[in-house]
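We're numbering straight along the sequence, starting at 1.
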Amino acid sequence: VSQSRYSAFVVEGGSAASGLKISSLWRMGVHGVTIVAVDSPEGPILEPALDYRLQPGLVLHCVGSEAGLRSLRRCCSTAR
């Protein structure tokens with residue numbers, strides 16, 4: 001039985017996730033993760049819609065499998 005974990009990631013400018021809608025993350029190999037909140041310049045957004053577009057500087061608060069969170073971390077980062 002896999003356990004859900006919590007993690008937070010900053011969407012970096014130039015990362016694979018930057019500019020994508022949340023619904024598009026599965027094409028980047030992100031599975032088993034739910035973005036439960038986003039810290040945006042306008043304030044916190046709880047349960048963001050699947051068509052919410054990820055922009056540089058946003059903080060994503062997520063729960064999911066360790067493998068899924070690792071995939072999301074890679075997509076949000078410009079480090080290779």
Side-chain angles (χ1 to χ4, degrees):
V1 176
S2 78
Q3 291 197 347
S4 289
R5 300 180 185 271
Y6 164 81
S7 198
F9 307 106
V10 176
V11 178
E12 296 180 8
S15 68
S18 183
L20 289 182
K21 292 180 180 180
I22 291 174
S23 62
S24 298
L25 290 172
W26 69 270
R27 286 184 285 190
M28 305 299 296
V30 177
H31 305 279
V33 174
T34 300
I35 299 173
V36 295
V38 175
D39 289 337
S40 75
E42 297 82 31
I45 298 168
L46 299 177
E47 299 179 5
L50 291 176
D51 64 351
Y52 187 82
R53 196 165 296 275
L54 303 176
Q55 300 297 329
L58 294 177
V59 178
L60 309 180
H61 297 272
C62 313
V63 293
S65 68
E66 191 171 329
L69 292 170
R70 244 189 335 265
S71 295
L72 183 57
R73 181 182 300 117
R74 280 194 299 272
C75 285
C76 289
S77 175
T78 57
R80 299 287 174 238

ask   = With a 4.5 Å heavy-atom cut-off, do L58 and P41 have their side chains touching?
value = yes
query = Can you tell me how far the CG atom of L50 sits from the CD1 atom of I22, to the nearest 0.5 Å?
reply = 6.5 Å
request  = Check whether any side-chain heavy atom of M28 sits under 4.5 Å from a side-chain heavy atom of L20, and report yes or no.
outcome  = yes
ask   = Taking all non-hydrogen atoms of both residues, which atom of A17 and which atom of L25 are closest, and how far apart?
value = CB-CD2, 4.2 Å
remark   = Residues K21 and D51: closest non-hydrogen pair is CG-O, 3.7 Å
message = Hydrophobic cluster membership, with links at side-chain heavy-atom distances under 4.5 Å among I/L/V/M/F/W/Y: are V38 and L46 in one?
response = no
key: Heavy-atom pair of closest approach, residues V30 and G68   = CG1-O, 4.2 Å
request  = Please answer whether the main-chain N or O of V36 pairs with a side-chain N or O of T34 as donor and acceptor at a distance below 3.5 Å.
outcome  = no
note = Tightest non-hydrogen contact, residues V63 and L69, listed as C-CD2, 4.4 Å
ask   = Quick one: does F9's side chain get under 4.5 Å of S15's, heavy atoms only?
value = no
message = Could you walk me through whether I45 and D39 satisfy the side chain to side chain contact (heavy atoms under 4.5 Å, CB included) test, starting with their C-alpha distance in whole Å, then the side-chain angles of each, then the deciding distance to 0.1 Å, before giving a yes or no?
response = CA-CA 6 Å; I45 298 168; D39 289 337; over 6 Å; no
task = Please report the shortest heavy-atom distance between H61 and Y6, naming the atom on each side.
result = ND1-OH, 2.6 Å
query = Do V11 and Q55 come close enough that some side-chain heavy atom pair is under 4.5 Å?
reply = no
inquiry  = Restricting to non-hydrogen atoms, name the atom on R73 and the atom on S7 that form the minimum distance, rounded to 0.1 Å.
reply    = NH2-OG, 4.1 Å
inquiry  = Within this structure, what is the OG-CZ distance for the pair S23 and R53, rounded to the nearest 0.5 Å?
reply    = 8.5 Å
task = Taking the side chain as every heavy atom from C-beta outward, state whether V33 and S71 have any atom pair closer than 4.5 Å.
result = no
inquiry  = Do L72 and C62 make a side-chain contact, defined as non-hydrogen atoms from C-beta onward lying under 4.5 Å apart?
reply    = yes
